[in-house]
4 protein chains.
Amino acid sequence: MRAKSLTEQARRAQIVAAAIEVLAELGYGATSFKQIAARAGLSSTGLISYHFKGKQELVDSVYAEVRRTFTEFVLERMDHSATAAGELRAFLSANLRFLRAHRAHMVALAQVRPHVSAADSADDDHRKMADLLRQGQRRGEFREFDADTVAIFVLALRNGVLARAGDHPEVDLDLCERELITVVELATRRG
Amino acid sequence: MRAKSLTEQARRAQIVAAAIEVLAELGYGATSFKQIAARAGLSSTGLISYHFKGKQELVDSVYAEVRRTFTEFVLERMDHSATAAGELRAFLSANLRFLRAHRAHMVALAQVRPHVSAADSADDDHRKMADLLRQGQRRGEFREFDADTVAIFVLALRNGVLARAGDHPEVDLDLCERELITVVELATRRG
Amino acid sequence: MRAKSLTEQARRAQIVAAAIEVLAELGYGATSFKQIAARAGLSSTGLISYHFKGKQELVDSVYAEVRRTFTEFVLERMDHSATAAGELRAFLSANLRFLRAHRAHMVALAQVRPHVSAADSADDDHRKMADLLRQGQRRGEFREFDADTVAIFVLALRNGVLARAGDHPEVDLDLCERELITVVELATRRG
Amino acid sequence: MRAKSLTEQARRAQIVAAAIEVLAELGYGATSFKQIAARAGLSSTGLISYHFKGKQELVDSVYAEVRRTFTEFVLERMDHSATAAGELRAFLSANLRFLRAHRAHMVALAQVRPHVSAADSADDDHRKMADLLRQGQRRGEFREFDADTVAIFVLALRNGVLARAGDHPEVDLDLCERELITVVELATRRG
DNA sequence: CATGAATGAGCTTTCATTCAT
DNA sequence: CATGAATGAAAGCTCATTCAT
């Protein structure tokens with residue numbers, strides 16, 4: 001894999017950005033090269049094939065880009081010094097803030113996930129969350145529970161809120177954030 | 001809308017059943033009329049178009065059928081006499097049992113949901129859950145929280161568990177059920 | 001592989017026939033579904049894909065059809081009772097007559113052969129010819145030579161004549177036939 | 001047509017050489033500018049279009065180059081002083097040796113021939129061979145036959161052997177050469 | 001001269017849908 | 001009612017070619 005030129009990188013980024021927009025607006029099924037090309041102001045779908053070996057590579061690139069943006073966003077807002085409980089709170093909080101800042105990314109992510117070829121990196125999320133929970137248990141912050149199972153719950157809450165908020169713009173994200181943090185704390189804390 | 005003859009109803013049911021199987025096995029994207037017809041033992045996709053005005057109507061019918069089956073299943077197992085907390089427990093429990101008994105329906109539901117046109121009947125679920133929660137608050141079983149928000153959480157937990165279990169057959173559903181009930185109880189109970 | 005209906009067989013035959021014409025006129029590279037559909041009076045290339053699983057199946061069908069026609073034609077004109085030398089003469093003669101009767105088939109065959117997927121049935125021809133030559137040697141009609149090598153020669157002569165005559169309509173096929181038979185006889189006869 | 005600079009000539013030669021390799025390895029259908037550029041170490045297919053007016057010119061150039069190499073090779077090995085029969089033997093012999101020395105050229109030639117636009121220079125071969133045969137007849141070396149027709153045969157034998165040997169590497173070229181010379185001699189000699 | 005990005009026509013294929021029988 | 005043949009739109013993708021730099 002030889003290095004991409006600057007122009008190439010820029011075009012790829014532009015196409016990925018257009019794809020994200022279209023995915024968020026029309027959903028995966030209606031997202032064709034034609035739509036993406038139109039959105040990106042390209043004169044031909046051939047150009048997309050020129051920059052991406054196939055639809056799969058584009059889909060994977062979209063996924064990677066959204067994850068990159070998301071991870072970066074969350075990491076910047078994580079509270080590394082503190083307790084596991086603190087990290088958990090920061091994680092949830094960052095997720096909701098990301099939704100506010102990049103709603104299209106969030107929706108596109110949901111649309112694209114079932115079609116990503118990469119060994120499912122959702123498993124990554126799961127593993128990291130379970131580790132954080134176990135750490136909190138070792139430190140005595142959290143009660144006894146099966147960390148893998150509760151990790152499913154935490155991520156389910158996150159996903160469910162994002163999905164709901166994606167469909168229902170009227171959801172009050174501030175309220176949601178407070179309640180979410182409360183709920184997770186009640187569900188995990190010791191005693 | 002004139003009444004459907006018995007034959008017609010039977011055919012529709014047969015097609016919907018086949019569609020559910022195919023959706024569960026191949027996913028939405030690979031579910032074509034051809035696949036469904038083959039699965040149903042029909043010799044022509046024309047028959048599907050004959051009985052359903054279009055793909056959308058079939059999709060909606062699949063959704064309706066899965067929901068009907070699901071609702072029926074859950075209702076039979078609800079504990080109506082008891083407390084709101086009891087109902088909540090019964091609801092969660094029934095959901096997991098349904099997954100065990102009708103995994104294909106569950107997977108098909110997930111595949112089909114994003115393409116359903118009907119005014120989202122997920123909203124129905126939400127409303128009912130919120131009502132149940134409010135009832136529990138009035139009775140003093142639950143702590144103070146925003147019922148609409150927590151309804152999102154409860155359903156998110158349910159959906160997340162189902163999704164995870166759909167993809168990862170190794171998940172221990174019994175363990176999952178116990179932890180889920182514990183978590184929801186901790187998160188909602190008074191005091 | 002279930003039986004094809006009569007209509008289906010007819011359509012397939014029609015498409016194959018059109019493909020043969022187009023191949024003969026435009027060559028393999030310019031033979032697209034579009035051209036074939038136009039030639040066959042079809043309103044859509046989709047119909048070709050409907051009747052043939054893919055381009056490869058069509059190509060193979062064309063090859064099979066031409067070979068079938070050809071083999072039938074030649075077999076009818078073979079002199080089975082007689083000597084190996086007689087059979088050889090009859091074979092060559094029949095080949096040239098086929099060219100006169102079905103020039104398009106012949107040209108299409110040449111165009112299509114490199115793209116046929118079937119285990120090369122040109123090897124079949126070769127084996128049969130070598131067997132015939134060996135038989136003639138055992139009977140004392142033919143001189144000693146390496147039958148496999150001379151089989152290559154005989155088929156090469158046949159192919160070369162067909163190719164030349166395909167490109168140069170002015171070739172005198174009667175003269176060609178007489179000379180060809182003479183040459184092969186001189187090259188193979190004992191003494 | 002202004003003279004080509006040295007650089008230009010070199011580039012053209014490089015591209016043609018790469019094209020020959022690709023043609024021999026992948027066949028005509030899979031030989032794209034992209035493949036050729038990659039093989040030649042060029043970073044853009046644009047360069048090919050720059051040096052050749054179109055694909056046709058490249059194809060014709062490949063053909064011309066192979067023919068040039070081939071003719072040169074054969075001419076060097078011809079026995080000019082001798083009889084027509086001797087020249088004929090030398091010609092056949094040289095052909096087989098060329099195949100051994102430059103198999104790729106030979107295969108590329110076969111791939112490219114059907115797509116060459118140039119007034120078929122195969123006719124050249126034919127004319128020369130017919131002349132040689134007539135000369136042999138005048139000198140009393142060869143029997144009476146139609147020289148044009150037998151020229152077709154000789155070239156057909158040559159082509160057929162090359163084609164067969166191209167596809168079947170197990171062919172014994174030494175044996176083939178001896179048999180070929182014998183056959184042609186039997187078929188042409190006087191008495 | 002060489003580069004690499006861009007273009008648009010063309011390809012095969014799949015799909016939901018229609019319609020005569 | 002059911003069948004299977006036919007339709008045409010749309011998809012992803014490849015290709016030779018063009019052009020600004």
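First the proteins, then the strands, lettered A, B, ... as listed; each starts at 1. Atom set for the values below is all heavy atoms of this structure, side chains included, hydrogens, waters and symmetry mates excluded.
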Enquirer: For B:Ile48 and F:dG4, what is the distance between atoms CD1 and C1' respectively, to the nearest whole Å?
Expert: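 Taking CD1 of B:Ile48 and C1' of F:dG4, I get 14 Å after rounding.
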
Enquirer: Identify whether the distance between the nearest side-chain nitrogen and carboxylate oxygen of B:Glu8 and B:Arg11 falls below 4.0 Å.
Expert: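 Looking at B:Glu8 and B:Arg11, the cut-off is not met.
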
Enquirer: Under 4.0 Å between a side-chain N/O of B:His51 and OP1 or OP2 of F:dA2, yes or no?
Expert: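 B:His51 to F:dA2 OP1/OP2: side-chain N or O found under 4.0 Å.
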
Enquirer: Where the side chain of A:Glu65 meets the backbone of A:Ala13, is there a donor-acceptor pair that is under 3.5 Å apart?
Expert: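 Not at all, since once roles are kept as given, no pair shorter than 3.5 Å links the two residues.
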
Enquirer: For a 4.5 angstrom cut-off between non-hydrogen side-chain atoms, does D:Ile15 reach D:Leu42?
Expert: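 Yes, at least one pair of side-chain atoms sits under 4.5 Å.
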
Enquirer: Tell me: CG of A:Leu26 to P of F:dA11, nearest whole Å?
Expert: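 The distance from CG of A:Leu26 to P of F:dA11 comes to 11 Å, rounded to the nearest Å.
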
Enquirer: Could you tell me how far apart C:Leu58 (CG) and E:dC11 (C1') are, to the nearest whole angstrom?
Expert: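 Checked: the CG to C1' distance equals 14 Å.
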
Enquirer: Determine whether a donor-acceptor pair (N or O, by modelled atom type, separation under 3.5 Å) exists between the side chain of B:Gln111 and the backbone of B:Gly29.
Expert: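 No, because the side chain of B:Gln111 does not come within donor-acceptor range (under 3.5 Å) of the backbone of B:Gly29.
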
Enquirer: Just the rounded figure in Å: distance from P of F:dC1 to CD of B:Gln14.
Expert: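 Atom-to-atom, B:Gln14 to F:dC1, this comes out as 13 Å.
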
Enquirer: Using Watson-Crick or G-U wobble geometry with both distances below 3.5 Å, tell me the partner of E:dA2, or none.
Expert: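 E:dA2 is paired, partner F:dT21.
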
Enquirer: Which nucleotide sits closest to the side chain of A:Phe33: E:dT13, F:dG12, F:dA16?
Expert: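 The answer is F:dG12, which lies nearest to the side chain.
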
Enquirer: Both B:Gly41 and A:Gly54 contact DNA chain F. Taking the nearest nucleotide for each, which residue is further toward the 5' end?
Expert: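 Nearest nucleotide further toward 5': that of B:Gly41.
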
Enquirer: Under 4.0 Å from OP1 or OP2 of F:dA10: is there any side-chain N or O of A:Ser32 that close?
Expert: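 Result: no.
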
Enquirer: Output the single nucleotide from F:dG12, E:dT17, F:dA11 whose closest atom is nearest the side chain of B:Lys55.
Expert: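 In terms of side-chain proximity for B:Lys55, the closest of F:dG12, E:dT17, F:dA11 is E:dT17.
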
Enquirer: From CG of A:Leu47 over to P of E:dA5, roughly how many Å is that when rounded to an integer?
Expert: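 Distance, rounded to whole Å: 10 Å.
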
Enquirer: Do any side-chain nitrogens or oxygens of C:Ser44 fall under 4.0 Å of OP1 or OP2 in F:dA6?
Expert: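 For C:Ser44, the contact criterion (side-chain N or O under 4.0 Å from OP1 or OP2 of F:dA6) is not met.
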
Enquirer: Send over the distance from D:Lys53 NZ to F:dT17 P, rounded to a whole Å.
Expert: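 That distance rounds to 11 Å.
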
Enquirer: OP1 or OP2 of E:dA2 sitting under 4.0 Å from any side-chain N/O of D:Arg11?
Expert: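 Yes, within the criterion.
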
Enquirer: Can we say C:Glu57 and C:Arg12 salt-bridge, meaning some charged N sits less than 4.0 Å from an Asp/Glu carboxylate O?
Expert: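 The answer is yes: the pair qualifies as a salt bridge.
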
Enquirer: What is the base-pairing partner of F:dG8, counting Watson-Crick and G-U wobble geometry with both distances under 3.5 Å?
Expert: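 Looking at the geometry, F:dG8 pairs with E:dC15.
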
Enquirer: For C:Ala30 and C:Gly46, find the nucleotide of DNA chain E closest to each by heavy atoms; which residue's nucleotide sits nearer the 5' end?
Expert: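 Looking at the nearest nucleotide for each, C:Ala30 comes out on the 5' side.
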
Enquirer: Can you check whether any acceptor in the base of F:dT17 is under 3.5 Å from a donor in the side chain of D:Thr45, or vice versa?
Expert: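 In this structure, the two groups form a donor-acceptor pair.
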
Enquirer: Write down the distance between CG (C:Leu6) and P (E:dT21), rounded to a whole number of angstrom.
Expert: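 So the two atoms are 17 Å apart, to the nearest Å.
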
Enquirer: Under 3.5 Å, is there a donor-acceptor pair between the side chain of A:Glu21 and the main chain of A:Ala108?
Expert: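 No; judged by distance alone, with no hydrogens or angles, the pair does not exist.
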
Enquirer: B:Ile36 has an atom CD1; how far is it from atom P of E:dT17, in whole Å?
Expert: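 Atom CD1 in B:Ile36 sits about 11 Å away from atom P in E:dT17.
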
Enquirer: Out of E:dT17, F:dA2, F:dC13, which nucleotide sits closest to the side chain of B:Ser49?
Expert: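 Of E:dT17, F:dA2, F:dC13, E:dT17 is nearest to the side chain of B:Ser49.
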
Enquirer: Using only modelled atom types and a 3.5 angstrom limit, is any donor from either the side chain of C:Tyr50 or the base of F:dA5 paired with an acceptor on the other?
Expert: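 When only heavy-atom distances are counted, C:Tyr50 does reach the base of F:dA5 through a donor-acceptor pair under 3.5 Å.
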
